[in-house]
Number of protein chains: 2
Amino acid sequence: MSDRLDWNDLRERRMTEPGAAETYEATRIAFELGQEVRHLREGHGWSQSQLARAAGMTQSAVARFEAGGTVPTLPVLERLARALDRRLDVRFTPNADAA
Amino acid sequence: MSDRLDWNDLRERRMTEPGAAETYEATRIAFELGQEVRHLREGHGWSQSQLARAAGMTQSAVARFEAGGTVPTLPVLERLARALDRRLDVRFTPNADAA
DNA sequence: TACTGCCATAGCATCGATGCTATGCGGTCG
DNA sequence: CGACCGCATAGCATCGATGCTATGGCAGTA
């Protein structure tokens, strides 16, 4: 677990780098999206391979994305959303710090 | 307008390529986000250079993004959102096609 | 007219995401 | 046990976004 340099390591490293609050956020968002997709996929009773085919990508790409291995791009998110019968929604919401 | 190969041309070309519905969508989202950022920026009374500095990028990058010249990545959107005092929100919403 | 600020673009280097094939590993089933 | 399925990863090629500098045009304005 410690001499291996895998996606989890990479992600953690990215999220602990100093002064990278934005990258941290993006990485966190990517991770959460990955979890959500996994959830949706399992809800459909699909395997990674099936989702991959439906989204026009390969099983490895799906696995990488679900694991939060990379910060996905909008085109990829779009394709996944379509395959999962969802709509991709990207917006700037007012920063409700007013709490 | 016709012998120049600029971002508008590129974008239009991308959006009219056959069988690229997902890329079309992503490009459209990118374009709308660009417009929204421009709107927000002007609301703050900032120039592209000022926003660029606040978001840790250059004026040219801001211009390119606002013009929809490229499909932005999540880290970039995050930084812009922060600079504009907004929260970046990415989600898969239920596709209300059920009509 | 000269100067200055703002925006649009070009051109290029670099970094990182994606696409791909090939494995490895743990179950399950025959 | 052997075949198969599902998931995780490695390694590599390629494409595309970003970062940068340098311009050019366009309004104001002195």
Side-chain angles (χ1 to χ4, degrees), chain A residues 1-15 17 20 22-23 26-27 29-31 33-35 37-39 41-42 44-80 83 90, chain B residues 1 3-11 13-15 17 20 22-23 26-27 29-31 33-35 37-39 41-42 44-80 83 90:
Chain A
M1 280 288 202
S2 60
D3 62 326
R4 290 276 288 221
L5 191 139
D6 53 31
W7 301 330
N8 294 309
D9 293 340
L10 286 176
R11 181 164 49 76
E12 268 189 49
R13 187 171 309 173
R14 226 175 344 198
M15 293 176 78
E17 265 167 9
E22 320 80 11
T23 301
T27 303
I29 291 177
F31 186 63
L33 285 173
Q35 291 188 313
V37 163
R38 171 163 301 183
H39 220 72
R41 175 174 64 80
E42 290 172 343
H44 282 246
W46 288 355
S47 68
Q48 289 183 340
S49 301
Q50 287 174 302
L51 173 57
R53 214 169 321 137
M57 46 204 292
T58 57
Q59 177 262 329
S60 70
V62 173
R64 183 166 47 189
F65 167 69
E66 283 188 359
T70 60
V71 176
T73 57
L74 291 189
V76 168
L77 290 176
E78 249 296 314
R79 281 186 286 164
L80 286 171
V90 184
Chain B
M1 278 288 201
D3 61 327
R4 291 277 288 219
L5 190 139
D6 54 30
W7 301 330
N8 294 308
D9 294 340
L10 285 175
R11 180 164 50 75
R13 187 170 311 172
R14 234 186 324 208
M15 292 175 79
E17 266 167 7
E22 321 80 9
T23 301
T27 303
I29 291 178
F31 187 62
L33 284 173
Q35 289 188 315
V37 163
R38 172 163 300 183
H39 221 73
R41 175 175 64 81
E42 290 172 344
H44 282 246
W46 288 355
S47 68
Q48 289 183 340
S49 302
Q50 288 175 302
L51 173 58
R53 213 167 323 139
M57 46 204 292
T58 57
Q59 176 263 326
S60 70
V62 172
R64 182 165 46 189
F65 166 69
E66 284 188 359
T70 59
V71 177
T73 58
L74 291 189
V76 167
L77 291 175
E78 248 297 313
R79 282 185 286 164
L80 286 171
V90 185

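By convention in this document, chain letters (A, B, ...) are assigned in the order of the sequence lines, proteins followed by strands, and residues within each chain are numbered from 1.
- With rounding to whole Å, B:Leu77 atom CG is found 16 Å from C:dG16 atom C1'.
- The side chain of B:Arg64 places no N or O atom within less than 4.0 Å of a non-bridging phosphate oxygen (OP1 or OP2) of C:dG11.
- Other residues, nucleotides and ligands contribute over 12 non-hydrogen atoms within 6.0 Å of the NE2 atom of A:His44.
- Look at CZ on B:Phe65: it is 16 Å from P on C:dT9, rounded to the nearest Å.
- Summarising the geometry, atom CZ belonging to A:Phe65 is positioned 5.5 Å from atom CG belonging to A:Leu77; distances are rounded to the nearest 0.5 Å.
- Counting non-hydrogen atoms under 4.0 angstrom, A:Gln59 reaches a base of the nucleic acid.
- Note that CD of A:Gln48 is 12.0 Å distant from CZ of A:Arg64, once rounded to the nearest 0.5 Å.
- Proximity of B:Arg79 to the phosphate of D:dG19: a side-chain N or O atom is located under 4.0 Å from OP1 or OP2.
- Both A:Gly56 and B:Gln48 lie near DNA chain C, and the one whose nearest nucleotide falls closer to the 5' end is B:Gln48.
- With rounding to whole Å, A:Leu74 atom CG is found 13 Å from D:dG16 atom C1'.
- You'll find that the side chain of B:Val71 is closest to D:dA17, out of D:dA17, D:dT18, C:dC20.
- Residue contacts shown for B:Val62 are absent, as no nucleic acid heavy atom lies under 4.0 Å away.
- Out of C:dA8, C:dC20, D:dT18, the shortest distance to the side chain of B:Arg38 is found at C:dA8.
- Nearest-nucleotide assignment on DNA chain C puts the 5′-proximal partner with B:Glu42, out of A:Met57 and B:Glu42.
- Across C:dT18, D:dC7, D:dG19, the shortest atom-to-atom separation from the side chain of A:Pro72 is found for C:dT18.
- The two residues A:Leu80 and A:Ala55 come nearest to each other via the heavy atoms CD2-CB, 3.9 Å.
- Each of C:dT9, C:dT18, C:dC6 was ranked by its minimum atom distance to the side chain of B:Ser47; first place goes to C:dC6.
- Nearest heavy atoms, B:Gln59 versus B:Ala52: N-CB, 3.5 Å.
- Here the P atom of nucleotide C:dC7 and the CD atom of B:Gln50 are 9 Å apart, to the nearest Å.
- Counting to the nearest Å, the C1' atom of D:dT18 and the CG atom of B:Leu80 are 12 Å from each other.
- Judged by distance alone, with hydrogens and angles left aside, A:Thr58 brings no side-chain donor or acceptor close enough to the base of C:dC20 to form a pair under 3.5 Å.
- Among D:dG11, C:dT9, C:dC7, the nucleotide with an atom closest to any side-chain atom of B:Ser60 is C:dT9.
- At the phosphate of C:dG5, neither OP1 nor OP2 sits under 4.0 Å from any side-chain N or O atom of B:Ser49.
- Checking D:dG19, C:dT21, D:dG6 against every side-chain atom of B:Ala61, the shortest atom distance belongs to D:dG19.
- With hydrogens and angles ignored, no donor-acceptor pair closer than 3.5 Å exists between the side chain of A:Thr73 and the base of C:dT18.
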